[in-house]
K.L.:
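Take a look at the following structure, please.
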There are 2 protein chains.
Amino acid sequence: MKNLRPELIALLKKGSCTPRLSKLAAKTHSKATTIHYNIKQLESQGVIKTYKAVFDYKKVDAGFCTFVLVNLDKKEYKSPEDIGSMLAEYPEIESIDIITGEWEMLLKVRTKDISQYYEFSKKVLSLRGIERTQSLNSLFQIKTEFVKMQ
Amino acid sequence: MKNLRPELIALLKKGSCTPRLSKLAAKTHSKATTIHYNIKQLESQGVIKTYKAVFDYKKVDAGFCTFVLVNLDKKEYKSPEDIGSMLAEYPEIESIDIITGEWEMLLKVRTKDISQYYEFSKKVLSLRGIERTQSLNSLFQIKTEFVKMQ
DNA sequence: TTAAAATTTGAAAATAATTCAATAAGAGTT
DNA sequence: AACTCTTATTGAATTATTTTCAAATTTTAA
């Protein structure tokens with residue numbers, strides 16, 4: 001018997017969910033078929049990207065959250081998007097933004113703990129094109145992904 | 001006939017979704033009843049907070065994304081969590097973290113455009129307890145909420 | 001006012017989730 | 001290894017939800 005949990009968590013983190021039409025119908029005082037029509041429209045217009053789960057990240061070995069400000073080495077890459085899409089493959093990285101100001105990129109990273117973060121940083125933050133980084137540690141999360149924690 | 005879209009988007013942003021057991025069963029080569037059992041367990045243990053939609057935020061009037069570093073006025077509040085939970089009520093705020101370093105708090109804010117951000121900042125970033133802020137603008141989003149954009 | 005397009009709805013059909021009892025697998029003890 | 005206890009998986013039946021589709025309604029634009 002294999003442990004399904006890690007596989008389920010990985011799938012739910014990015015998708016494998018669906019809107020609850022009956023609940024939405026009740027909350028908006030309309031019929032399920034009307035919601036169905038409206039949701040299909042949002043989906044086909046690309047308004048909705050996916051449906052996913054939000055976790056208590058402490059309980060899925062991702063309780064250590066770090067924001068990483070990144071300076072990119074202009075000589076080493078074609079465009080910030082190129083490094084960005086490489087980084088996007090790492091499951092530890094929750095978000096990647098190209099930003100204004102002193103730093104070119106901001107990452108949000110989730111690992112189990114500080115030592116797993118150290119492993120991540122050795123592996124990822126030394127990639128060609130990444131010149132310098134500064135990390136800000138999250139001590140406490142009040143809201144994530146529009147969802148209040150606690 | 002009222003326009004359901006804004007109401008649906010607001011609901012889906014925080015919840016009103018459900019895991020697709022049949023899909024998860026297929027992907028993990030197990031039975032739907034097994035997935036059902038495992039998911040109920042994750043839910044009752046508080047591992048899963050909610051199921052929600054991820055949007056193309058440009059298409060839901062929230063394409064302008066800003067990270068706000070915040071210094072808190074120690075005289076004005078009991079604890080950072082108190083200001084945090086006040087801020088958590090604003091629908092424009094995607095995430096709130098208490099962080100290490102020069103700044104005490106990091107917000108991620110989504111508005112329609114720069115002028116709506118200005119309205120937000122006048123309304124919210126002048127609340128008692130917020131001493132000083134610095135905002136970093138997102139020029140391009142590569143990944144959000146663990147989901148690759150584009 | 002009228003015609004066309006977009007949205008809502010109801011009924012029926014198709015899928016999917018839930019319940020529950022039986023079975024199987026794993027963990028720990030003797 | 002045999003036994004017991006606990007945890008996890010499964011199949012069958014029930015219940016609930018989603019999907020389809022045609023008809024009706026509402027909105028938009030001329």
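Keep in mind that this is a model prediction, so the values were computed, not measured. Below, read A as the first sequence line, B as the second, and so on, with proteins coming before strands; counting in each chain starts at 1.
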K.L.:
What is the distance from atom CE of A:Met149 to atom OG of B:Ser95, rounded to the nearest 0.5 Å?
P.N.:
10.5 Å
K.L.:
Between atom CD1 of A:Ile98 and atom CG of B:Leu139, what is the distance when rounded to the nearest 0.5 Å?
P.N.:
8.0 Å
K.L.:
Using the salt bridge (charged side-chain N to carboxylate O under 4.0 Å, His left out) rule, pick out the option among A:Glu94, A:Glu89, A:Glu81 that qualifies with B:Lys148.
P.N.:
A:Glu89
K.L.:
Does atom CD of A:Glu131 have more than 12 heavy-atom neighbours, drawn from other residues, nucleotides or ligands, at distances under 6.0 Å?
P.N.:
yes
K.L.:
For DNA chain C, whose closest nucleotide is more 5', that of A:His29 or that of B:Lys40?
P.N.:
A:His29
K.L.:
Using the side-chain heavy atoms of B:Thr33, tell me which of these nucleotides is nearest: C:dT7, C:dT9, C:dT18.
P.N.:
C:dT18
K.L.:
How many angstroms lie between atom CG of A:Leu106 and atom CG of B:Asn137, to the nearest 0.5 angstrom?
P.N.:
12.0 Å
K.L.:
Check whether any side-chain N or O of A:Tyr37 sits under 4.0 Å from OP1 or OP2 of C:dT8, and answer yes or no.
P.N.:
no
K.L.:
To the nearest Å, give me how far apart CG (A:Leu4) and C1' (C:dA25) are.
P.N.:
14 Å
K.L.:
Earliest and latest nucleotide of DNA chain D, 5' to 3', sitting under 4.0 Å from a non-hydrogen atom of chain A?
P.N.:
D:dA8 to D:dT20
K.L.:
Got a sec? Which of residues 8-27 of chain A come in under 4.0 Å of DNA chain D, heavy atoms?
P.N.:
A:Pro19, A:Arg20, A:Leu21, A:Ser22
K.L.:
Return yes if a side-chain donor-acceptor contact under 3.5 Å exists between A:Glu43 and A:Tyr51, otherwise no.
P.N.:
yes
K.L.:
Figure out the NE2/C1' separation between B:His36 and C:dC20, and round it to whole Å.
P.N.:
11 Å
K.L.:
Using a cut-off of less than 4.0 Å, is there contact between a side-chain N or O of A:Thr34 and OP1 or OP2 of C:dT9?
P.N.:
yes
K.L.:
Measuring from A:Tyr90:OH to B:Lys143:NZ, what's the distance to the nearest 0.5 Å?
P.N.:
11.0 Å
K.L.:
Between CZ of A:Phe146 and CD1 of B:Ile93, what distance do you get to the nearest 0.5 Å?
P.N.:
10.0 Å
K.L.:
Send over the distance from B:Arg5 CZ to C:dA6 P, rounded to a whole Å.
P.N.:
13 Å
